[in-house]
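Note sheet for the following structure.
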Amino acid sequence: MLYQRDETATPQDNFLLGRQELYFTCFLNKSVAAVYDYSNTAKEVYGIITGLPWNAYLKFGTFQLAYGLMLADDNSYIRAPFGFSFGRSDTGIETGFYPDPFFLKLAVFNGAGSDDGKILSSWGGINISPFTIGGSFYNEDSSVNGDVQKSGVFGWGRFWRIVGLGEYDRGYTQNPATGSWDRAIAIHGSLEADLGNSVYLRLTREFRNPSYAVGDESVRNVVGIVFYPVQFLQVLPQYTLIQPVSGPNQNSFNVDIHEFF
């Protein structure tokens, strides 16, 4: 559940239902399972085989694509605005390997619509506590909508009671009519400080340039407090300020409530 107040020329207050997910898992044995995700966004229905060498697994069906930090916030510039949201799932096959301290996922998905092009994606890195660094790559061949390539680096680390996250992404989309490429950039940086008693201060700053041209860049700043009043209930009040290069600033206040059960 989300309460949101937009401070625009005409301020608006809204209650939004947000994302709902309910997973059903059926284990055929200790290594083979079938998963169904009932969601109000993207559906996931897939089988998964685990217990393979190198802590590997094999997944096949319809599921969400791994890219970057995979933040829970779809409004983040590295999520939905860059083409990767919880409202999207694709049909294909994925395999993952976790030979400590490395991790790697490789996936192939069907193309969009009637296009016979396929989507290739990879996501991986290395974890050397207390730091993790990795990278993502996405390629979509489409003679209808134009080829798409996206790549980026991401990482996170912990120092004392502070956790930092960062991601840099660059995307290229080909115009099928002219053959030229449009470019986009998205950058994320955030810090989360443990204030004690299950209370956390979260600071986020992001940059986005959707066409790699002067005039449509914007910066997104978010300040929030995360706390857990009772077990399995997360409350996140936060203030968001978006500062475009051209046009007025956009600011909003929302209270996000997550219930886990």
Side-chain angles (χ1 to χ4, degrees), residues 19 35-37 39 41-49 52 54 56-71 73-98 102-126 133-155 166-188 206-213 216-218:
R19 190 173 74 253
V35 179
Y36 174 77
D37 170 27
S39 171
T41 55
K43 300 294 188 296
E44 290 189 288
V45 182
Y46 59 87
I48 185 168
I49 302 173
L52 302 177
W54 290 347
Y57 70 87
L58 181 66
K59 181 162 65 173
F60 48 90
T62 300
F63 47 90
Q64 295 178 3
L65 184 146
Y67 187 94
L69 292 172
M70 294 179 285
L71 301 176
D73 180 12
D74 251 2
N75 293 319
S76 170
Y77 283 174
I78 60 173
R79 291 293 295 171
F82 204 67
F84 302 101
S85 73
F86 288 104
R88 172 186 177 182
S89 59
D90 295 282
T91 301
I93 185 169
E94 176 183 286
T95 183
F97 306 89
Y98 290 82
F102 301 96
F103 55 92
L104 175 65
K105 294 182 180 181
L106 301 171
V108 181
F109 298 95
N110 290 333
S114 60
D115 200 349
D116 59 359
K118 293 294 182 284
I119 296 173
L120 304 177
S121 73
S122 61
W123 179 90
I126 181 172
I133 186 169
S136 309
F137 177 77
Y138 173 96
N139 183 86
E140 180 178 353
D141 294 326
S142 173
S143 59
V144 176
N145 301 314
D147 297 343
V148 177
Q149 293 180 358
K150 299 178 182 181
S151 59
V153 294
F154 62 88
E167 181 172 333
Y168 173 88
D169 295 308
R170 185 182 290 265
Y172 300 88
T173 303
Q174 188 178 36
N175 187 320
T178 64
S180 61
W181 290 85
D182 296 324
R183 294 178 289 179
I185 291 177
I187 303 174
H188 169 90
E206 298 180 324
F207 172 81
R208 179 180 178 230
N209 189 333
S211 67
Y212 208 69
D216 59 2
E217 308 99 312
S218 65

Nearest heavy-atom pair of [X] and [Y]: which atoms, and what distance?
X    : Y    : result
G68  : S136 : N-OG, 2.8 Å
D90  : F109 : CB-CD2, 3.3 Å
R88  : I119 : NH2-CD1, 3.7 Å
R170 : F82  : C-CZ, 3.7 Å

Contact check, side chains of [X] and [Y], non-hydrogen atoms, under 4.5 Å:
X    : Y    : result
W181 : D147 : yes
K105 : Y98  : yes
I78  : F154 : no
Y138 : V148 : yes
L120 : F137 : no
Q64  : F84  : no
E140 : K118 : no
Y67  : D169 : yes

Ignoring hydrogens and geometry, is there a side-chain-to-backbone donor-acceptor pair from [X] to [Y] under 3.5 Å?
X    : Y    : value
S89  : K43  : yes
S122 : A107 : no
D74  : F86  : yes

Q) Which is it for Y46 and E94 under the side-chain contact (heavy atoms from CB on, under 4.5 Å) test, yes or no, and what are the steps along the way? A) CA-CA 10 Å; Y46 59 87; E94 176 183 286; over 6 Å; no
Q: Verify ring pair (Phe, Tyr, Trp, His ring centres under 6.0 Å) between F207 and Y168, making sure each step is shown before the conclusion.
A: CA-CA 10 Å; F207 172 81; Y168 173 88; 9.5 Å; no
Q | Partner residues of N209 under the side-chain hydrogen bond (donor to acceptor under 3.5 Å, both in side chains) criterion, sequence neighbours left out | A |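 None.
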Q | Partner of H188 under side-chain hydrogen bond (donor to acceptor under 3.5 Å, both in side chains), chosen from R208, E167, E206 | A |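 The passing option is E206.
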